[in-house]
Amino acid sequence: MAVPIGKDDEGLGGARAASCASCNATLESSQRYCVECGARRGPVPVAFAKWLSIVRPDAGSEVATGGAPPDAEESAAAAEEAVFEDSTLVERFMPEPRSAAIATMALLAFGVVVVAATGPLAQSAGISPIVVEMGSSPSTATSAEPEAEAPESIAEAPVEAPEATPSSVPSEPQPEGSPTAPAKTKTEFPEEEPLPPVQHVFMIVLGDHGYEEAFGSGSQSTYLSQTLPAKGELLSNYYAVTQGDLANEMALLSGQGPTAATAANCPEYKDVSPGTLSAEGQAEGDGCLYPAEIKTLPGQLAEAKKSWKAYVEDIGNGQAGQATSCRHPVLGGADDAQAPRPGDAYETWRNPFVYFHSLVDGAECGERDVGLDQLETDLGDEKQTPAFSYIVPNACHDGSEVPCEAGQPAGLAAAQPFLEKVVPEIEASAAYKKSGLIAITFAQAPQSGPSADAGACCGTPEYPNMPPAAAAPAGTGPVKETGGGGRVGMLLLSPFVEPGSVNETGYYNHYSMLLSIEEFFGLPTIGYAANPALSALDGTVFNLGS
C-alpha cells in the first residue's frame, strides 16, 4: 500500500517543503511526483480514479481483489491506493491504445456535430441551437476481446460519442439510396368518397330561366320550386356556359364550345367550316353540324356498350314525308322548325343530338332519337331503360316566355303539367328506384331584359370561335359576371340525395355535369369537360346519410 505523504504536506499548494514518503527525497511545494523514485505526492482525485477504472478495467480488478468496499467513497479511495501502489505509475496512468482511440474518435465526432450546428452554414439556414443528449442507456462493451469488468461500485457508463436529437442536428443531403439518406415519406391525402352507383341518368333541360325565377319564392311553378325540392336537392350555384340555348345543350353532350351559328340556334343547317380541331379538341370555325371527329357522350356510351336515348316531344309531328325520329333539316338548307306551328311544337334547336355528324350519319340516331311517348314504355322494363335519357319538351312545355300558340299559357306555369307527368313516371320505374338520378336544369338564364345574366363559373374558357367576352370586374371567387350563360341552378332527385337539402358550397356548370356523367359510367373526359378547374358531383352532393 502506498505510504501517505508526511503530515506537514498540505497538498500541491502547500507552503512548506516535504519529503518523499518512499525514499525521503526532498520535495518542493509545487512537485506532484518524486524525481528520485517516481512516487506520487498525495492521493489521486476520486473522479480521476473512477475514469481510470473505466479505461483500464484491470485497474478496477486490482481494487476488487481487496474485497467490496462498503460504499462508493471508500471504494474510490481503495481504487486510488490499488492503482498507484505499483512504482510504475506512468504506465498504469496511460490508457490502452485501443481505448485511447475510441475516446479520441468520440471527441472528434462530437466536435464535428458542434461545428456543423454552429458554423456559418447552419446559422445562415436559420437552424436553431442544438440540444445534445448524452446516451444514458446501458450498452455492451465495444471491444472485440473480453476484458475484466469494473466493480459494481464504480460507474460502468461506456465511452460513446454523444448523440444529438434528430430534430436539431443539420445534415448534408444524401444521395437517394444511401444508407444514411432519410427514408422517403409518402404524403397521405384523405380518400375521396366513392361515387354512388348511379346507372341511370335522366336529364330534363328547360329553357331560359335563372335560379331565382325557377326556384325562388316568386316562381310560377310551385311544383318545380317547392314540391320537387322537398324530395331532392338543389344545387344553387349551377351555371350555363355560354349564350344560346342550342350552344349550351351541345356543351352538355360534347364539351364543345359555341360557334356564332349555334349561339343563334342555327337558323341554317350547315357544317362547321373549316372544322379543324384545336389543341383542346375544339372544332374551329362557324356553322352548326360538327365534324365526325368530335366525340359525344352518346358515342362514348355506345363504345362502352351502354345505351342512350333522346325522348323528344312532337318529333314525329312533322309534315308528310318528314322523319319521325332524328328529325333535322336538309344539310345546307334553312331550318323550318325554328318555331312551333299548329299541331307541331317541335323545335330542332331543342334537340342537340342532330347537330353531330358522328350521330346523324349512322342508323343509331333514327333508333335512339325518338318521340316522348316511348319513355313510358322503356321505363316499364329496367333492362330497356337507357343508361342515359335526355328528355326534350316541346315549345309549349319548355318554360319559354313565348307561348307556343295564341291563347296558350307560357313560362314555367306551362312547363308544370309536363313535369307533373314525366317526373312521377320516372320515379315509379325500377331503374330509378335502384340506381337513378333525375337532373332538371335550364339551357341558359335570360340574356336580355331585367333578369339578364351572363355570369360564368368554374374556369369557363375563352371560346376560339367567339369574340372575347366583355371584361368583368376583378374578383376573388369562382364566379365572373361575363363569359357564361348565367346562374340557372339544378334540381337533383335520386335515392342517393337527402330530400329537402340545398348545396350552396359547390360550383358547377354544364361541363361539370358532362364530367359527372362520364365518371358515373367510367368514360374518358371529352372537350371542356377535361378542364382541371371543374368539379364533378361528389360526396357533398350525394349526401344521403351524411
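The structure displayed is predicted, hence computed values, not measured ones.
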Which pair of heavy atoms, one from Leu534 and one from Cys458, lies closest together, and at what distance?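 Result for this residue pair: CD2-O, 3.7 Å.
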Show the nearest heavy-atom pair for residues Tyr511 and Gln256, with the distance to one decimal.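 Heavy-atom minimum between the residues: OH-O, 3.6 Å.
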Residues forming a disulfide (SG to SG under 2.5 Å) with Cys266, sequence neighbours excluded: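 If we apply the disulfide (SG to SG under 2.5 Å) test to Cys266, skipping adjacent residues, the hits are Cys288.
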Qualifying residues under disulfide (SG to SG under 2.5 Å), relative to Cys457, sequence neighbours excluded: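 In terms of disulfide (SG to SG under 2.5 Å), with neighbours along the sequence ignored, Cys457 is linked to no residue.
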What's the verdict on side-chain contact (heavy atoms from CB on, under 4.5 Å) for Tyr211 and Asn237, showing C-alpha distance, side-chain angles and the deciding distance? CA-CA 9 Å; Tyr211 177 81; Asn237 294 310; over 6 Å; no
In residues 291-301, what donor-acceptor pairs under 3.5 Å come from side-chain atoms, sequence neighbours left out?
unit_1, atom_1, unit_2, atom_2, d
Thr296, OG1, Gly299, N, 3.1
Gln300, NE2, Pro524, O, 2.5

For residues 324-335, tabulate all N or O donor-acceptor pairs below 3.5 Å that involve a side-chain atom, not counting sequence neighbours.
unit_1, atom_1, unit_2, atom_2, d
Ser325, OG, Gly366, O, 2.8
Arg327, NH1, Ile315, O, 3.2
Arg327, NH2, Asp344, OD2, 2.7
Asp335, OD1, Ala337, N, 2.9
Asp335, OD1, Thr348, OG1, 3.0
Asp335, OD2, Gln338, NE2, 3.0
Asp335, OD2, Thr348, OG1, 3.3

Test: ring-ring contact (aromatic ring centres under 6.0 Å, His included). Region: residues 448-470. Which pairs qualify, not counting sequence neighbours?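 Of all non-adjacent pairs touching residues 448-470, those that pass ring-ring contact (aromatic ring centres under 6.0 Å, His included) are Tyr463-Tyr528.
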Can you give each donor-acceptor pair under 3.5 Å made by side-chain atoms of residues 379-391, sequence neighbours left out, with the distance rounded to 0.1 Å?
unit_1, atom_1, unit_2, atom_2, d
Asp381, OD1, Lys383, N, 3.0
Thr385, OG1, Asp378, O, 2.9
Thr385, OG1, Asp381, O, 3.0

Polar side-chain atom of [X] near backbone of [Y] as donor-acceptor pair, under 3.5 Å:
X      : Y      : answer
Asn543 : Glu498 : yes
Ser254 : Ala251 : no
His209 : Phe442 : no

Tyr355 ring center near Tyr269 ring center (under 6.0 Å):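 Tyr355 vs Tyr269: aromatic centres under 6.0 Å.
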Could you tell me the separation between the CE atom of Met490 and the CE atom of Met513, rounded to the nearest 0.5 Å?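 It comes to 4.5 Å.
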More than 12 foreign heavy atoms under 6.0 Å from CD of Glu425: is that the case here?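 Enclosed.
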